[in-house]
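Inspection log for the structure reproduced underneath, given as structure tokens.
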There are 2 protein chains.
Amino acid sequence: MEEIDRAIVAALTVDGRLSYTDLAERVGLSVSAVHQRVRRLEQRGVISGYTARVSYEALELPLTAFVAIRPFDPSQPDDAPERLAHLAEIDSCYSVAGEDFYLLLVRVASPADLERLLQEIRTAANVTTRTTVVLSTPYENRPPGLSAPKPPDPPDLAS
Amino acid sequence: MEEIDRAIVAALTVDGRLSYTDLAERVGLSVSAVHQRVRRLEQRGVISGYTARVSYEALELPLTAFVAIRPFDPSQPDDAPERLAHLAEIDSCYSVAGEDFYLLLVRVASPADLERLLQEIRTAANVTTRTTVVLSTPYENRPPGLSAPKPPDPPDLAS
DNA sequence: TCTGAAAATGAGACGAT
DNA sequence: ATCGTCTCATTTTCAGA
């Protein structure tokens, strides 16, 4: 991806509601050109959408935790993500290499809610859990590092 | 927080670029009233900003990993988050309870880049690392527990 | 706090270079 | 691929209930 597109994505990652006017003068193009590039970035899936950044403290969900899970019976089919998808407290679900099968990021209102959630996870997916409580979050969901352009492709020898 | 505000936050979490017109008819208020509520939510920090959702695959950062770190020398002052903040590959930094001190979420282009990053982390913060590679991400950064109305339509690819 | 309407701004489309 | 202009939707402000 080229430099201007990287700059556009970087800017929209910091402020997803930037106007095309502002965006245009930041990257040094006309409004129309920027508008077109953004549309292409959206079509190609580089930008998959826009969302509001929320404060979980303000939303009364001050307790964050990681929950590592592994099947109680490893011979059973592994469909934990689908079985857990209905639990709104689960923010993210990662399939991981290592001792555990999945790593969940969960957000709840209180230790009591965490306890309830863990019980639901265990029964819904038939798994054991190992939970790591988050004490604080120095930073989270930072914009991706877009500064490093890609080295040029080697010359095409097929001609 | 009251019901209408929750609905507004939920809707903006799914689509951060919803117009006030759409927002208004979803929650059953006038455009002005919704606009005013959004402004107050932003002022109170419930909504801390807006960002574009990006595809890390499309950004050529297909490799995600969790890096648990703990100090090489526990008697040293613990300022790992600041020492690591300049590393753009680090998406998030959580201070956690348990055996480790911090849990980092990192995104890189390749195993070689992961290796380089781990070396940088170890030397920059004087820590040992334990890395868990993410194989796939069934879901990530879901809207916080509020009744989710409707996912936004996918972009029209028929062009 | 909500409403409705006016004024300012931005989005989205078009044809031209 | 970019540009400038056009039209229409949206944002934003304001007085009033």
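Note on naming: letters A, B, ... go to the chains in the order of the sequence lines (proteins, then strands), and numbering restarts at 1 for each one. What's counted below: heavy atoms across the whole structure, side chains too, no hydrogens, waters or symmetry copies.
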- [ ] Using only heavy-atom distances, decide whether a donor-acceptor pair under 3.5 angstrom links the side-chain of B/S32 to the base of C/dG4.
- [x] yes
Open item on the list: For a 4.5 angstrom cut-off between non-hydrogen side-chain atoms, does A/V108 reach A/R116?
Closed with: no
Task: Canonical and wobble pairing (Watson-Crick, G-U, under 3.5 Å) of DNA chain C, dot-bracket with | - done: ||||||.||||||||||
Open item on the list: How many whole angstroms separate atom CD of A/E3 from atom P of D/dA1?
Closed with: 17 Å
TODO: For the pair A/R142 (side chain) and B/A85 (backbone), establish whether a donor and an acceptor sit closer than 3.5 Å, ignoring hydrogens and angles.
DONE: yes
Open item on the list: Does A/E99, at its CD atom, have more than 12 non-hydrogen atoms belonging to other residues, nucleotides or ligands within less than 6.0 Å?
Closed with: no
Open item on the list: Can you measure B/E42 atom CD to D/dT11 atom P for me and round it to whole angstrom units?
Closed with: 12 Å
Task: Among A/D5, A/L12, A/T13, the one residue meeting side chain to side chain contact (heavy atoms under 4.5 Å, CB included) with A/I47 - done: A/L12
Open item on the list: Does a side-chain N or O of A/H35 approach OP1 or OP2 of C/dG12 to a distance below 4.0 Å, or not?
Closed with: yes
TODO: May I ask you to verify if any side-chain N or O of B/R17 is less than 4.0 angstrom from the OP1 or OP2 atom of D/dT10?
DONE: no
Open item on the list: How many whole angstroms separate atom CG of A/L12 from atom P of C/dG10?
Closed with: 15 Å
- [ ] Mind checking B/R40 for me? I need base, sugar-phosphate or nothing, with any heavy atom below 4.0 Å counting as a touch.
- [x] sugar-phosphate
Open item on the list: Distance check needed: D/dA1 P versus A/R39 CZ, whole Å only.
Closed with: 13 Å
TODO: Calculate the interatomic distance between B/Y20 atom OH and C/dT3 atom C1'; express it in whole Å.
DONE: 17 Å
TODO: Answer with base, sugar-phosphate or nothing: what part of the nucleic acid does B/S19 contact at a heavy-atom distance below 4.0 Å?
DONE: sugar-phosphate
Open item on the list: Rounded to whole Å, how long is the line connecting atom CD1 of A/I4 with atom P of D/dC3?
Closed with: 9 Å
Task: d(CG, A/D22; P, C/dG10) in whole Å - done: 7 Å
Open item on the list: Check this for me: does any side-chain nitrogen of one of B/E2 and B/R40 sit under 4.0 Å from a carboxylate oxygen of the other?
Closed with: no
Task: Other residues, nucleotides, ligands: >12 heavy atoms within 6.0 Å of B/Q43 CD - done: yes
Open item on the list: If you count heavy atoms of other groups shown closer than 6.0 angstrom to OH of A/Y139, is the number above 12?
Closed with: yes
Open item on the list: Checking contacts here: which listed nucleotide (D/dT12, D/dC3, C/dT3) is nearest the side-chain heavy atoms of A/A33?
Closed with: D/dC3
Task: Integer-rounded Å distance: D/dC14 C1' and B/Q36 CD - done: 11 Å
